[in-house]
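Structure first, commentary second.
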Amino acid sequence: MSAVAEKKELNAHLWERHPEDWYVEPYWCNRRLFEEEAFEGGIWDPSCGLGRVLYSADAAGYPVTGSDIVCRSGFCDELFDFRTCKRPRARNIVSNPPFSYAELFVRHALGIADGKVAFLLPLQWLASETRARFFPSTPLRRVYILSPRPSMPPGPVIEANVKPGGGKKDFAWYVWEQGYEGTPELKFMHREG
Ligand SMILES: C[S@@+](CC[C@H](N)C(=O)[O-])C[C@H]1O[C@@H](n2cnc3c(N)ncnc32)[C@H](O)[C@@H]1O
């Protein structure tokens, strides 16, 4: 499925598309990542939005910094387009990226981060033909399948205090570790631990 078709499928049954792909993951996705995966050094979210990734990273004891193209919260320390950024702001990059640029974000992050790179991405990426060629060329270390399916409404829906319903799409945390050469590990990540 093309990226455009994937995006249509992601949003079709739910809400109008957000112009900057601002869709907000439930807190538990980030809390569980930092419970399961250890990082050395600070955490940078280059598309931080409301800052939910950084909220959990901070609670887990990591130094945090955030950037975005639009300032949406106090977690956003800088405003810039990640695609053109050459200087990493921390050793590790952890993010729920804008869907339109997700693959580009992964490639770019792997080019500039020294430590780990973790992105919240559709599970179906594992089966996509182009990514099935791309992944073996990367230091993909772990894939955590999230359960239950997280619902990711657009930011304005969250700001309006609308309670999201159940998610309809499968997501996973994909974690890359610079220098890793083995086979990626597949794990399950349940909301309750
Ligand atoms: C999926 S949302 C992130 C949700 C976030 N975890 C939160 O707590 O709200 C993606 C974010 O990427 C930002 N974004 C879109 N294009 C970008 C770009 N080229 N560079 C940096 N950030 C971008 C959007 O403004 C949006 O806030």
Side-chain angles (χ1 to χ4, degrees), residues 3-4 6-12 14-34 37 39 42-60 62 64-90 92-113 116-125 144 146 149-164 167-175 189 191:
V4 173
E6 279 180 2
K7 190 161 63 184
K8 274 193 184 146
E9 187 194 281
L10 180 71
N11 297 311
L14 292 172
W15 303 279
E16 283 300 300
R17 185 181 166 246
H18 189 274
E20 291 104 25
D21 281 351
W22 180 28
Y23 298 97
V24 184
E25 72 284 0
Y27 281 110
W28 69 264
C29 300
N30 306 318
R31 172 179 53 79
R32 292 287 296 118
L33 175 72
F34 293 107
E37 188 73 34
F39 296 83
I43 307 291
W44 169 31
D45 182 347
S47 53
C48 66
L50 282 180
R52 287 193 170 187
V53 167
L54 299 177
Y55 175 87
S56 295
D58 178 60
Y62 294 102
V64 301
T65 186
S67 56
D68 200 301
I69 43 165
V70 178
C71 182
R72 306 189 191 281
S73 71
F75 283 98
C76 186
D77 300 310
E78 294 177 90
L79 279 178
F80 56 80
D81 185 331
F82 176 62
R83 296 169 297 169
T84 59
C85 169
K86 301 214 167 28
R87 181 174 63 82
R89 284 2 190 214
N92 307 286
I93 295 178
V94 181
S95 194
N96 174 9
F99 196 75
S100 307
Y101 307 126
E103 188 169 336
L104 215 149
F105 265 48
V106 171
R107 290 176 185 273
H108 192 63
L110 288 172
I112 63 172
K116 290 183 180 174
V117 168
F119 280 109
L120 187 57
L121 299 165
L123 180 60
Q124 71 195 58
W125 268 40
Y144 293 98
L146 292 165
R149 293 187 180 107
S151 174
M152 295 202 202
V157 172
I158 293 284
E159 287 181 322
N161 267 329
V162 177
K163 197 172 179 306
K168 295 216 167 48
K169 194 173 167 73
D170 298 307
F171 283 90
W173 276 110
Y174 292 70
V175 181
M189 186 176 271
R191 179 174 52 196

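Here, residue 1 is the first one in the sequence, and each next residue gets the next number. Counting convention: from 1, in listed order, for ligands and their atoms alike.
- Scanning the protein for heavy atoms near atom 13 (C) of ligand 1, the closest one is D68 OD1, 3.2 Å.
- For F105, every heavy-atom contact with ligand 1 shorter than 4.0 Å involves the side chain, none the backbone.
- Residue-ligand proximity: G51 is placed with a non-hydrogen atom under 4.0 Å from ligand 1.
- The protein heavy-atom contact nearest to atom 12 (O) of ligand 1 is S47 CB, 3.1 Å.
- The single protein non-hydrogen atom nearest to atom 5 (C) of ligand 1 is C48 O, 3.4 Å, given as residue, atom name and distance.
- I69 CD1, 3.4 Å is the protein heavy atom nearest to atom 16 (N) of ligand 1.
- At least one heavy atom of P97 sits less than 4.0 Å from an atom of ligand 1.
- For the pair F80 and ligand 1, a heavy-atom separation below 4.0 Å is found.
- Ligand 1 has no N or O atom lying under 3.5 Å from any N or O atom of Y101, backbone or side chain.
- Of the candidates D45, T65, N30, D77, D45 is the only one forming a side-chain contact (heavy atoms from CB on, under 4.5 Å) with L54.
- Residue-to-ligand polar distances place E25 within reach of ligand 1: an N/O pair is separated by less than 3.5 Å.
- Within the 4.0 Å heavy-atom shell around ligand 1 one does not find F99.
- When hydrogens are left out, the protein atom nearest atom 15 (C) of ligand 1 is E20 O, 3.3 Å; that is the closest non-hydrogen contact.
- Ligand 1 has no atom lying under 4.0 Å from any heavy atom of S67.
- Considering backbone and side-chain N/O of W22, one or more are found under 3.5 Å from N/O of ligand 1.
- At the shortest separation from atom 20 (N) of ligand 1 among protein heavy atoms lies F82 N, 3.1 Å.
- Nearest protein neighbour of atom 21 (C) of ligand 1, counting heavy atoms only, is P46 O, 3.4 Å.
- For atom 4 (C) of ligand 1, the closest heavy atom belonging to the protein is Y23 O, 3.3 Å.
- Within a 6.0 Å radius of CZ in F34, more than 12 heavy atoms belonging to other residues, nucleotides or ligands are found.
- Stacking of R32 on the aromatic ring of Y144 is not recorded, the 6.0 Å distance cut-off and the 45° axial limit not both being met.
- Note: no N/O pair closer than 3.5 Å links D45 and ligand 1 by distance alone.
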